[in-house]
Structure formats: C-alpha cells, structure tokens
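Written below as structure tokens is the structure these notes are about.
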Amino acid sequence: MLQTNGRHAFLVMSRSYSHQLNFLLEQLDYSDNSIYLHVDKKAKSNGINLYYPKHASIHEIDREDVNWAAFSLVKVELSLLKEASKDGPYEYYHLLSESDLPIKSNAKIHEYFEDKDIEFVNIESINQKNDIRRIKYFFPLQEKAGKKHGTYWAMQKILMYGRL
C-alpha cells in the first residue's frame, strides 16, 4: 500500500481571479492539504491579488484557454491530476471549481476520510435522447462555441443538423 500520510490534493479550476477564489484558497489552507490551481487563460487579474496559503502548498499549472462543455475542460482536469500525481500519492483527490466551498472545517474533512476507503464517483445510465446525442457525435466547433449561442454555435448546429 502506498504511504499517503493522510494528505489531500485539491484540484481547483477557476475561470477568473476573484474574491470567491481567494476565499476558497483561504478555506483550504491546511497543513495536510496541497492545492493545484488552474486559472483560465482568458482571466484578467482585475486588481485582485491571488491569496497564497500559509500552511497548504499551492501549485499553479500552466494556464490554458478553457471552454465550457469542450475537451479543453477535460484536458485541464487531467493536467491538474497529472501535476498532483507527481507530488503524490495523496489519500484523496478533490476536484473543485472556484465556486465550490467546503461546508466543514479541514480538520472535520480529514477526520471523515480517515481510515475509510470510499470514492465519490457516480456513473449514471444514459437513456435520454439529448444525453445520447451529446456523446454519440463529434461537435467540431465546440471549442469555439462554448456554451454561448453565437455564430459558432449556429454553424455547428447547421453542420450537425443532418445527423441529429
């Protein structure tokens, strides 16, 4: 069995520099935590200085341009996990966005996971027409379209219309 010493890795994906992100980083500032942070390449600082934890280690990974519902989102998740794995192993890996906040203290979180072998990964059956379409077909303009219903979204719909 790998020695983890009860350490937890928090993989944080942020679309912006914000007070919310800083608050999350403050909440995760705990000696048995390591924070791996990705901030979207499109994000501007807007005069907000990033909070650097005093007790947890923080590792910023190379910034990438991320688009909602596109492969770039998965790519960043994998990059965060790869970076954390270099320093690991960790007892647990937690994937968060800057909008997430823990509802318990770090001590309570670590206490809860102590001496447990549990995972919180959920797989659901896919049986709705919309869900099947989203995974069955390749959407070539998704990186450009993102979740906005603009020109690229319309072009993609026209390209895909014959197959949908």
Side-chain angles (χ1 to χ4, degrees), residues 1-128 130-132 134-135 139 142-143 145-148:
M1 180 184 239
L2 296 172
Q3 185 66 8
T4 62
N5 298 323
R7 299 180 320 150
H8 290 221
F10 289 85
L11 316 177
V12 179
M13 297 176 26
S14 182
R15 62 191 153 113
S16 65
Y17 290 101
S18 64
H19 296 296
Q20 177 73 23
L21 173 60
N22 280 342
F23 188 64
L24 172 62
L25 295 175
E26 284 182 68
Q27 298 307 304
L28 298 176
D29 194 0
Y30 188 70
S31 58
D32 286 333
N33 290 346
S34 293
I35 302 166
Y36 294 85
L37 176 64
H38 176 270
V39 179
D40 193 310
K41 195 171 193 171
K42 294 182 294 286
K44 306 286 186 247
S45 70
N46 296 325
I48 297 174
N49 294 320
L50 188 64
Y51 173 83
Y52 284 93
K54 296 169 182 59
H55 307 287
S57 61
I58 188 164
H59 312 269
E60 295 177 72
I61 69 165
D62 292 339
R63 295 174 64 186
E64 299 285 337
D65 189 0
V66 180
N67 293 294
W68 180 259
F71 185 71
S72 56
L73 195 64
V74 174
K75 186 177 168 188
V76 167
E77 290 172 4
L78 292 173
S79 294
L80 284 164
L81 189 56
K82 182 179 179 181
E83 193 64 30
S85 296
K86 289 179 188 175
D87 299 330
Y90 289 95
E91 191 76 24
Y92 284 93
Y93 296 83
H94 308 271
L95 179 62
L96 304 172
S97 76
E98 85 275 3
S99 299
D100 296 318
L101 289 175
I103 57 173
K104 299 284 185 181
S105 70
N106 284 295
K108 290 275 187 195
I109 292 169
H110 282 263
E111 181 183 316
Y112 175 81
F113 284 105
E114 193 173 299
D115 299 325
K116 287 192 173 90
D117 186 22
I118 55 177
E119 297 294 330
F120 293 100
V121 176
N122 188 25
I123 299 173
E124 296 180 11
S125 62
I126 299 173
N127 56 12
Q128 294 186 2
N130 191 43
D131 292 336
I132 292 169
R134 292 175 72 189
I135 61 172
F139 292 86
Q142 194 58 40
E143 285 295 338
K147 66 178 181 177
K148 296 179 184 139

Problem - Heavy-atom pair with the smallest gap, counting every atom of Ser99 and Arg15 - result: OG-NH2, 4.0 Å

Fill in the blank from the handout: Between Leu73 and Asn67 the two heavy atoms that sit nearest each other are CB-O, 4.2 Å

Practice task
Report the relative orientation of the aromatic rings in Phe113 and His8; use parallel for angles under 30°, tilted for 30 to 60°, perpendicular for over 60°.
Solution key: perpendicular

Handout entry: Donor-acceptor contact below 3.5 Å, side chain Asn46 vs main chain Tyr17
Key = no

Handout entry: Pair Asn33, His55: side-chain N/O donor-acceptor within cut-off below 3.5 Å
Key = no

Practice task
State which residues pass side chain to side chain donor-acceptor pair (under 3.5 Å) with Glu83; sequence neighbours excluded, sorted by chain then number.
Solution key: Lys86

Exercise for the section: Taking atom NZ of Lys42 as the centre, report whether more than 12 heavy atoms of other residues, nucleotides or ligands fall under 6.0 Å from it. Expected result: yes

Practice task
Take Tyr51 and Leu28 through the side chain to side chain contact (heavy atoms under 4.5 Å, CB included) test and state the conclusion after the steps.
Solution key: CA-CA 11 Å; Tyr51 173 83; Leu28 298 176; over 6 Å; no

Handout entry: Whether Ser14 side chain and Glu98 backbone form a donor-acceptor pair below 3.5 Å
Key = no

Handout entry: Leu50 side chain near Leu21 side chain, heavy-atom distance below 4.5 Å
Key = yes

Problem - Ile103, CD1 atom: more than 12 neighbouring heavy atoms under 6.0 Å - result: no

Completion exercise
Heavy-atom closest pair (Ser97 atom, Val12 atom, distance to 0.1 Å) is C-CG1, 4.5 Å

Practice task
Please indicate whether Lys116 has more than 12 foreign heavy atoms, meaning atoms of other residues, nucleotides or ligands, lying under 6.0 Å from its NZ.
Solution key: yes

